[in-house]
Amino acid sequence: MIELRSVHKRLGTRQILAGLDLEVPNGTNFVLMGPSGTGKSVTLKHVIGMMRPDQGTVRVDGQDVPSMDRAQLMALRKRMGYLFQNAALINWLTVFENVALPLREHGRLPKAELQDRVHEVLRLVGMDHAAAQYPPSISGGMRLRCGLARALVTKPEYVLYDEPNAGLDPIMSHQIHELIVEVRDSLGVTGLIVTHSRACALHCGDRIGILQEGRLALTGTADEVRHSNHPLAKAFLGGGSD
Ligand SMILES: Nc1ncnc2c1ncn2[C@@H]1O[C@H](COP(=O)(O)OP(=O)(O)OP(=O)(O)O)[C@@H](O)[C@H]1O
Ligand SMILES: [Mg+2]
């Protein structure tokens, strides 16, 4: 379980998180929505230990993330995949090598096993044909799928998805949503998904929370939030939005 309690975080002069409470039970997907710049990516960085709260607690499976030492953080990151916003691939490594990175960081798999695993996960996201290409020469949607493959390659128990369908066409988006659901259902992965997409939220989210002014302005099951009269629910999940 991912558990944030009363998390506060100031960056520069701005109070970004101000008492954020959020929990994601194991085997479920939580969708985090909210206006740009409200701290969604910052929230994910707290979960994976790239940022520490000024106040409050961040726990994964009951373990306190901010107090982890380097070795513990490495162990956590082995169990937690992270699809960065805009994929954040390394331009001078091929698609194959980008996806292989977490496997190389976290242990010594025999070469054949590593190759099998990377190709398997590239096939899962429909990118195996591009294994030898470099990120600058592929489309934004392909880069995103490569980032997704990299997030999944270690067979993590948790996956943080930062805008998994940004810039994808509707057909590809739908495939990614199905993949996120499949990853939850067949592998039991616990997901925390940041998205601006109504389709993504309703397809993938067991629960949805909308962040505003540093905390969740509303949270509930996908159905509850969809039918809520809260203006933010209407703005993010109303019929007119994507
Ligand atoms: N390392 C940092 N140092 C200083 N300020 C930061 C840092 N990271 C993020 N911020 C600021 O924190 C705020 C929240 O950023 P964040 O990236 O979490 O927004 P977001 O909700 O993910 O927005 P978007 O939907 O545009 O991706 C922004 O004002 C951003 O400029
Ligand atoms: Mg963001």
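Order of listing sets the numbers, starting from 1, for every ligand and every atom in it.
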N/O donor-acceptor pair under 3.5 Å between R184 side chain and V189 backbone
no
Distance-only criterion, 3.5 Å: show the donor-acceptor pairs between side-chain atoms of residues 50-57 and protein atoms not counting sequence neighbours.
unit_1 : atom_1 : unit_2 : atom_2 : d
R52    : NH1    : P66    : O      : 2.6
D54    : OD2    : R10    : N      : 2.7

For R104, is there an ion pair with E97 - N to carboxylate O distance below 4.0 angstrom?
yes
Gap between atom NZ of K45 and atom CG of D162 - 0.5 Å precision:
7.5 Å
Within the supplied structure, the quantity of interest is the number of heavy atoms (other residues, nucleotides, ligands) at a distance under 6.0 Å from E178 CD; does it exceed 12?
yes
Around the Mg ion (ligand 2), number of protein N/O/S atoms which are nearer than 2.8 Å
2
Every pair of nitrogen or oxygen atoms between ligand 1 and the protein that is under 3.5 angstrom apart - can you list them with their distances to 0.1 Å?
unit_1   : atom_1 : unit_2 : atom_2 : d
ligand 1 : 18 (O) : K40    : N      : 3.4
ligand 1 : 18 (O) : S41    : N      : 3.2
ligand 1 : 18 (O) : V42    : N      : 2.8
ligand 1 : 21 (O) : T38    : N      : 3.2
ligand 1 : 21 (O) : G39    : N      : 3.0
ligand 1 : 21 (O) : K40    : N      : 2.9
ligand 1 : 21 (O) : K40    : NZ     : 2.8
ligand 1 : 22 (O) : S41    : N      : 2.9
ligand 1 : 22 (O) : S41    : OG     : 2.9
ligand 1 : 23 (O) : G37    : N      : 2.8
ligand 1 : 25 (O) : S36    : OG     : 3.3
ligand 1 : 25 (O) : K40    : NZ     : 2.8
ligand 1 : 25 (O) : H196   : NE2    : 3.0
ligand 1 : 26 (O) : S36    : OG     : 2.7
ligand 1 : 27 (O) : Q85    : OE1    : 3.1
ligand 1 : 27 (O) : Q85    : NE2    : 2.8
ligand 1 : 29 (O) : R14    : NH1    : 2.6

Quick one: CD1 on I176 to SG on C200, what's the gap to the nearest 0.5 Å?
9.5 Å
Any side-chain heavy atom of L101 within less than 4.5 Å of one from L103?
no
Are D64 and V58 side-chain neighbours, meaning at least one heavy-atom pair lies under 4.5 Å?
no
For H227, enumerate each residue passing the ring-ring contact (aromatic ring centres under 6.0 Å, His included) test, keeping only those at least two apart in sequence or located in another chain.
none
